[in-house]
> 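Sharing a structure, written as structure tokens. Questions coming.
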Amino acid sequence: MPEPLPLRFFNTRTRKVEPFAPAVPPKVTLYCCGPTVYNHAHIGNLRTYVFEDLLQRTLRMAGYELHHVMNITDVGHLESDADEGDDKMMLAAARERKSPWDIARFYEGEFFRHTDMMKIRRPDTVCRATEHIGQMIAMVERLVERGHAYAAGGNVYFDTATFPAYADFARLRMDAQEATERVDLDERKRNPADFVLWFSQSKYPNQVMKWESPWGVGFPGWHIECSAMATEYLGETIDMHCGGIDHVPVHHTNEIAQSEGCFGHRWVDTWLHGEFLVVDDAKMAKSSGDFLHLDRLVEAGYEPMDYRYLLLTGHYRARLSFSFEALDGARQSLRTLRNLAHDWSYAARDGDGVRKEALADWQERFRTALANDLHVPNALAVAWKMARDGDLAPAEKLALMLGFDTIFGLDLAAATESRSLPDDLMALIARREQARADRDWATADTLRDELRAKGVAIKDRPGGTDWELVG
RNA sequence: GGCCCGGUGGCAGAGUGGUGAUGCAGAGGACUGCAAAUCCUUUCACGUCGGUUCGAUUCCGGCCCGGGCCUCCA
């Protein structure tokens, strides 16, 4: 087994780009924070999952044996009757007379429908919070035993005063935060930063998702699920943990506190966080109720791959501006890439060989870009330069591009596949080909018009006649 | 209020103390029976005011503008 390719990543924990060194190579344990399934994933959410998909593909390409785990948050702020809440989706749920369980299952399905459309590989393990309540309770018990948690008024809280490193990860200034605390003061907390591990005194009186616990019937806090499930599937030390940039100050800070408080040692080696997709210079706001999700792009005539291409053009640690103008540009770029792949596959039919040494240099440039903190935009630039390199044969370009596409995930192979039409239409195409061979242009053009009327656009490619269905 | 990040050509987006990102769009050309596709060439940039420097888009400072976090959030 060859040594895995050396990779470097920006580690949020150290705020530095550093060599990636899993504890037990070539194995890598990766935990990614998954969706809270009470609404559709918007396209900003999808950006994060595409980032994690690119990471996952890169790790495998580099030769690592990956165990990729993602949670489904199907418990938390789901209440049966949201009359007094301001969550529009909960109102919608009430209107549709669905239980929180139904809502969660429905949107979980929607989530995977969208990620499948985006060609995001499903994690090796997907775990639901509601199916790991026991592990969460066990972890909370362990935290209580170790003195990191206390019960008060029916709830259990993490005692941040017992974890001096609490502010380190997010580089928080606790004094400044206390001074401007705007949250409803919970008198049961010893410190404002303390957070709930287990609720039995919910602020939602109509909570229908609840379980027995040593502290009363209730439900888990909002952070414990990730710690408990990551431990369940990956053990008490994890190589890599990812999520959206917004998770740094609260969710991941709390995960670290409870996990390291529980285990007494470092929990995660490398943390990667994806930046936001922004629209009009502002982040996508789920609460606005009018956010964009993938179906809306499809309804507007775009393919999911158009959006995936757009995401490839930006580095994961930089904000990316979404606009339909930018999406149009991505769509054009992707079309060209597909046309190129298509033409190469035609030209390569004659069977010209592939010089492995000619490929090696481009593969090296491509891998170097990815190894540098997952620099997909540069990898994409390498792909374009390769595409326009005059020294490569079509078969070589095709081999390289399809290899690159194992990372990009644009499904370019589909552009090289031969397809079929109903026999009568194929016969028309054949007749036109004969007419062209006979230099009978009038007949050829008539047949083309006829095909066009039937929704088939003819394109005479360098390697032969191609067609595509049009509206 | 506190903390933090960013401002690159029409758009998206890399990068660097002194030559080229890349893609889309625009312009011109080539090829093509026509159409499509592809190829080639090419215009356009570094928020602003100072400083450091032989030289700054790149380093430093002020300012302006935009954004994020401090509360669930990808």
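Model, not experiment: these values are computed from the prediction. Chain naming here is simple, since letters A, B, ... match the order of the sequence lines and numbering starts at 1 in each.
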> Could a donor-acceptor pair under 3.5 angstrom be found where the side chain of A/Arg171 meets the base of B/C3?
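Under the 3.5 Å cut-off, the side chain and the base do not form any donor-acceptor pair.
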> Under 4.0 Å between a side-chain N/O of A/His247 and OP1 or OP2 of B/C72, yes or no?
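For B/C72, neither OP1 nor OP2 has a side-chain N or O of A/His247 closer than 4.0 Å.
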> If you look at every strand shown and take non-hydrogen atoms under 4.0 Å, does A/Ala170 touch a base, only sugar-phosphate, or nothing?
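It contacts nothing in the nucleic acid.
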> Within the pair A/Asn378 and B/A14, is there a side-chain N or O less than 4.0 Å away from OP1 or OP2?
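For A/Asn378, the contact criterion (side-chain N or O under 4.0 Å from OP1 or OP2 of B/A14) is not met.
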> Applying the salt bridge (Lys or Arg N to Asp or Glu O under 4.0 Å) test to A/Asp159, which of A/Lys189, A/Arg188, A/Arg190 qualifies?
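The salt bridge (Lys or Arg N to Asp or Glu O under 4.0 Å) with A/Asp159 is passed solely by A/Arg190 among A/Lys189, A/Arg188, A/Arg190.
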> Between A/Gln332 (side chain) and A/Gly329 (backbone), is there a donor-acceptor pair under 3.5 Å?
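Not a single qualifying donor-acceptor pair exists.
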> Please encode protein proximity along nucleotides 23-34 of chain B as a string of B, S and -, counting only heavy-atom distances under 4.0 Å.
SSS-------BB
> Using 4.0 Å as the upper bound for N to carboxylate O, is an ion pair formed by A/Lys283 and A/Glu275?
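Not counted as a salt bridge, because no side-chain N and carboxylate O are separated by less than 4.0 Å.
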> Ring centres under 6.0 Å, that's the criterion: do A/Trp267 and A/His241 meet it?
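When the ring centroids of A/Trp267 and A/His241 are compared, they turn out to be within the sub-6.0 Å range.
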> Can you tell me if A/Ser259 and A/Ser227 form a side-chain donor-acceptor pair at under 3.5 Å?
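A donor-acceptor contact under 3.5 Å links the two side chains.
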> Which dot-bracket string describes RNA chain B (Watson-Crick N1-N3 plus N6-O4 or O6-N4, or G-U N1-O2 and O6-N3, all under 3.5 Å; [ ] crossing; | other strand)?
(((((((..(((.....[...))).(((((.......)))))....(((((..]....))))))))))))....
> Can you say whether a donor on the side chain of A/His273 sits under 3.5 Å from an acceptor on the base of B/A74, or the other way round?
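Answer is no: no donor-acceptor pair is held.
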> Is it the case that more than 12 heavy atoms not belonging to A/Asp438 sit under 6.0 Å from its CG atom?
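Yes.
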> Atom CG of A/Asp343 and atom P of B/C39: how far apart are they, to the nearest Å?
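Taking atom P of B/C39 as the reference, CG of A/Asp343 is at 9 Å.
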> Can you check whether A/Arg128's main-chain N or O pairs, donor with acceptor, with A/His132's side chain at less than 3.5 Å?
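Present.
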> What is the separation between atom CG on A/Leu451 and atom C1' on B/A35, rounded to the nearest whole Å?
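It works out to 13 Å between those atoms.
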> Tabulated below should be each protein N or O lying under 3.5 Å from an N or O of nucleotides 8-10 of chain B; please produce it.
none

> Verify the distance criterion only: is there a donor paired with an acceptor across the side chains of A/His251 and A/His223 at less than 3.5 Å?
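Short answer, yes.
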> May I ask you to verify if any side-chain N or O of A/Thr313 is less than 4.0 angstrom from the OP1 or OP2 atom of B/A14?
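Looking at the OP1 and OP2 atoms of B/A14, neither is under 4.0 Å from any side-chain N or O of A/Thr313.
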